[in-house]
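Written out below as structure tokens is the structure these notes cover.
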Amino acid sequence: MAKKTETVLDLNKVRNIGIIAHIDAGKTTTTERVLYYTGMVHRIGEVHDGAATTDYMAQERERGITITASAVTASWKGHQINVIDTPGHVDFTAEVQRSLRVLDGGVVVFDGVAGVEPQSETVWRQANQYGVPRICFVNKMDRTGANFQRCVDMIVERLHGNPVLLQIPYGEGAEFNGIIDLFKMELVTYGDDMGTAIEHHPVPESHRELAETLRAELIDKVVENDDYLTEKYLMGETINDDEVLAGLRAATIASKIHPVLCGSSLKNKGVQMMLDKVVELLPSPLDIPPVTGHHPKTDEELVRHASDDEPTSALVFKIITDPYVGRLAFFRVYSGVVKAGSMLLNSTTGDRERIGRIVRMFADRREDIEAVHAGDIAAVLALKNTFTGNTLCDSDNPIVLERISFPEPVIEVAIEPNTKGDQDKMGEALRRLAEEDPTFKVEVDDKLGQTKIRGMGELHLEVLVDRMLREFGVQATVGRPRVAYRETITREVKSDTTFKRQSGGKGQYARVVIELEPLSDEEAPLAKDGFLFVDEIRGGTIPREFIRPTENGIREALQGGVLAGYPVVGVKARLVDGAFHDVDSSEMAFKIAGSMALKDGVQRAKPVLLEPTMKVEVSVPDEYTGTIVGDLSSRRGIIHGMEPRGAGTTSIRANVPLAEMFGYATQVRNMTQGRGSFTMEFEKYSVAPNSVAEEVIKGGA
């Protein structure tokens with residue numbers, strides 16, 4: 001395909017948004033309508049038919065879920081909108097996390113019947129973490145049991161949001177016939193099934209009083225978040241609609257309020273109005289604070305503004321392996337211009353990368369472009385040593401942008417190739433899949449001669465093994481899932497260890513004294529991989545050049561605990577004393593001494609086994625509530641609450657150890673005659689009971 005030069009858009013008219021929600025709330029269906037109404041597709045593809053544009057992987061079409069975040073570029077009323085359709089299943093939460101890191105705004109889709117669901121809470125929390133302003137779209141208002149007000153109340157109760165109603169539904173469920181716009185005070189209805197024959201009417205008398213009350217509340221909330229409008233209000237001056245809209249936009253961008261819209265994506269109602277609010281209320285790259293980073297060598301803090309005139313800086317947020325063109329790296333340009341044919345520095349690794357072919361993505365289709373400007377999102381082909389979280393920048397003005405942090409895997413399985421020919425192919429396939437997915441880890445157990453793969457859940461690993469078979473042609477046998485346990489210590493100890501070896505010539509000598517203690521809650525955020533190292537050496541008892549090797553030795557020893565060989569976490573190690581020999585001491589000696597000191601200390605610090613505990617939410621018809629509660633309790637679950645979800649359904653929330661949840665999907669279907677469903681996400685690591693710990697230590701788990 002020939003390259004073509006693009007017209008540079010006004011940055012004020014660029015929107016980088018994500019469609020985020022719980023699984024099955026209608027994200028992909030909504031994205032499909034966005035593409036249709038913006039003219040990017042001429043026929044709507046449905047998720048249930050396996051024809052959605054952004055669900056292009058075979059695994060997505062078969063399962064009817066989104067697995068990988070897809071980027072598409074569309075145009076609406078003179079604005080360029082870069083849309084990322086993200087997964088809703090908790091096993092793929094890293095896809096949401098890395099997308100939110102580079103987005104300026106989000107549309108959070110809620111199911112009008114179910115309201116705020118567990119993964120809605122997770123993505124909302126992630127959006128808070130990255131400071132992403134968002135608007136809310138209450139979808140599926142045409143479904144039986146839809147309740148708009150209950151959904152709004154749940155946004156307050158479960159998400160601690162500040163919802164501001166811009167629309168209310170005109171009828172709910174089978175009676176859903178249109179949308180009342182509280183801003184323009186009109187009723188919008190649709191004269192055809194495709195949602196293109198939009199009709200505008202006065203607000204019906206039956207809803208006028210409610211609409212006027214809610215409009216007054218809308219204006220009050222905007223005024224209380226804007227000093228200028230507050231002053232005008234107190235002076236008794238009239239506030240016009242343009243001022244209200246400007247105040248609404250400013251408060252939305254500052255995440256002080258969360259505008260709420262409604263509709264039915266499947267029935268093609270409300271999506272154009274949602275697009276209008278995306279361009280009116282969500283930020284452009286110029287509306288968000290400039291990005292900060294640090295100099296790779298001096299650690300000096302640096303700032304980059306969204307301007308083509310600033311030095312180039314871009315963050316790679318996603319890698320995918322394309323069977324036809326090789327590795328594709330998605331990136332967001334924060335400053336400067338990335339041009340095809342230019343050389344950039346990967347400041348994270350120190351490698352220089354040639355920017356070859358740049359493409360604008362349209363799900364699995366792509367369009368070649370010459371350059372990507374500040375504030376825009378695109379993809380580049382064939383980068384050799386650049387992966388998720390790496391920074392690309394101008395060699396003369398290096399900067400490292402903040403990396404993306406990902407959760408650790410909680411489940412593992414052993415995998416073996418079926419034939420000798422599959423052996424080499426499997427290694428390459430696993431390497432490439434791990435490059436794509438930072439939450440997918442591959443580990444070779446030398447003692448057992450086994451390859452283990454670790455991920456976020458059963459579905460996560462199932463999809464990756466399926467991809468290995470289809471995309472790389474690898475036939476492999478997968479063992480049963482195992483829990484990724486951890487070990488920790490429960491008391492403070494002091495470990496004084498000397499490593500001494502003499503064999504003819506130059507010997508080895510190092511003495512290390514460390515104090516180990518459990519990591520406090522306040523210190524946990526400072527710890528990398530659950531370990532905090534503090535150098536308290538005074539008076540040169542250990543020379544500076546031996547401090548880092550000592551820390552490295554301790555970190556290596558943490559990878560295999562003393563109970564069952566699982567990684568040790570939640571530990572603070574203070575290096576307080578030591579000794580060296582002018583001739584016999586070396587970096588290797590101190591590394592070994594650090595490792596020995598750690599092993600000795602952990603052994604005496606009353607180590608315990610930790611197991612991953614999951615936050616589980618089960619939705620079941622009311623008559624099965626007692627059965628499910630009893631079953632969860634038998635799985636060592638702690639019930640945290642039950643709440644009605646409408647339409648004769650109850651939601652049960654509990655914390656349950658992961659080890660007890662394998663195969664639960666089949667069990668819950670059997671117990672509820674196929675009418676129950678559940679979601680599960682990692683909550684925390686908890687101390688395993690003695691009976692469980694003994695089984696695991698014996699190798700019974």
Side-chain angles (χ1 to χ4, degrees), residues 16 69 71 84 94-95 97-103 130 285 290-322 325-361 366 368-406 428 431-442 528-529:
N16 295 311
I84 296 185
E95 288 286 329
Q97 202 150 333
R98 58 179 166 192
S99 300
L100 284 171
R101 170 66 178 81
V102 297
L103 292 172
Y130 289 114
V291 70
T292 58
H294 65 270
H295 194 283
K297 290 182 179 166
T298 65
D299 269 353
E300 171 198 355
E301 185 172 294
L302 302 169
V303 177
R304 293 284 187 269
H305 296 83
S307 165
D308 287 358
D309 300 326
E310 292 244 336
T312 301
S313 66
L315 184 73
V316 174
F317 67 93
K318 179 177 169 62
I319 300 287
I320 63 170
T321 301
D322 188 296
V325 294
R327 196 190 304 141
L328 197 63
F330 286 79
F331 64 98
R332 157 80 187 260
V333 181
Y334 283 96
S335 62
V337 182
V338 174
K339 295 179 180 173
S342 62
M343 291 291 290
L344 290 179
L345 171 71
N346 179 335
S347 55
T348 314
T349 64
D351 296 312
R352 287 172 64 81
E353 291 275 20
R354 179 178 170 76
I355 304 301
R357 190 175 155 205
I358 303 177
V359 292
R360 189 174 298 293
M361 294 304 295
R366 54 191 71 84
D368 287 76
I369 54 176
E370 289 286 358
V372 191
H373 298 265
D376 209 350
I377 290 173
V380 59
L381 289 153
L383 294 183
K384 289 186 172 62
N385 298 302
T386 299
F387 303 103
T388 299
N390 288 180
T391 301
L392 294 172
C393 62
D394 183 349
S395 304
D396 297 328
N397 296 278
I399 183 174
V400 178
L401 302 176
E402 182 194 349
R403 296 204 61 164
I404 310 169
S405 58
F406 295 103
E428 174 65 11
R431 183 184 66 79
R432 286 168 68 176
L433 290 171
E435 286 174 359
E436 280 188 36
D437 186 346
T439 59
F440 176 56
K441 308 283 187 191
V442 181
K528 184 185 175 187
D529 301 327

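Please read all numbers here as calculations on a predicted model, not as lab measurements.
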Distance-only check: which donor-acceptor pairs under 3.5 Å involve side-chain atoms of residues 335-346, not counting sequence neighbours?
from, atom 1, to, atom 2, distance (Å)
S335, OG, P311, O, 2.6
S335, OG, S313, N, 3.4
S335, OG, S313, OG, 2.7
S342, OG, K339, O, 2.6
N346, OD1, T348, N, 3.0
N346, OD1, T349, N, 3.2
N346, ND2, T349, OG1, 3.4
N346, ND2, N385, O, 3.3
N346, ND2, T386, OG1, 3.1
N346, ND2, N390, OD1, 3.1

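When all heavy atoms of G389 and R403 are compared, the pair lying nearest together is O-NE, 3.8 Å. P398 and L302 get closest at one heavy-atom pair: O-CD1, 3.4 Å. Heavy-atom minimum distance, D368 versus R357: OD2-NE, 2.7 Å. Scanning all heavy atoms of the two residues, the minimum distance from Y334 to V102 falls at OH-CA, 3.5 Å. Here the closest heavy-atom approach between residue G375 and residue N16 is recorded as O-ND2, 2.7 Å.
Residues I399 and V291 have side chains not in contact (no heavy-atom distance under 4.5 Å, counting atoms from C-beta outward). A 4.5 Å side-chain heavy-atom check between R431 and E435 finds at least one atom pair inside the cut-off. Inter-residue side-chain proximity for V303 and E310 is flagged as unmet; no heavy-atom pair is nearer than 4.5 Å.
No donor-acceptor pair closer than 3.5 Å links the side chain of T312 to the backbone N or O of D394. Here the side chain of D308 pairs a donor or acceptor atom with the backbone of A374 at under 3.5 angstrom. Looking only at distances, a side-chain donor or acceptor of T391 sits under 3.5 Å from a matching main-chain atom of L401.
Legend: residues meeting salt bridge (charged side-chain N to carboxylate O under 4.0 Å, His left out) with R332, ordered by chain and number and at least two apart, are D104. Residues passing the side chain to side chain contact (heavy atoms under 4.5 Å, CB included) test with E402 are R101, sequence neighbours excluded.
How far CG of D437 is from NZ of K318: 8.5 Å, rounded to the nearest 0.5 Å. Rounded to the nearest 0.5 Å, atoms NE2 (H295) and CD (E301) are 13.5 Å apart. The OG1 atom of T388 sits 9.0 Å away from atom CG of L315, with the distance rounded to the nearest 0.5 Å. Separation of atoms CG (D376) and CZ (F331) is listed at 8.5 Å; rounding is to 0.5 Å.
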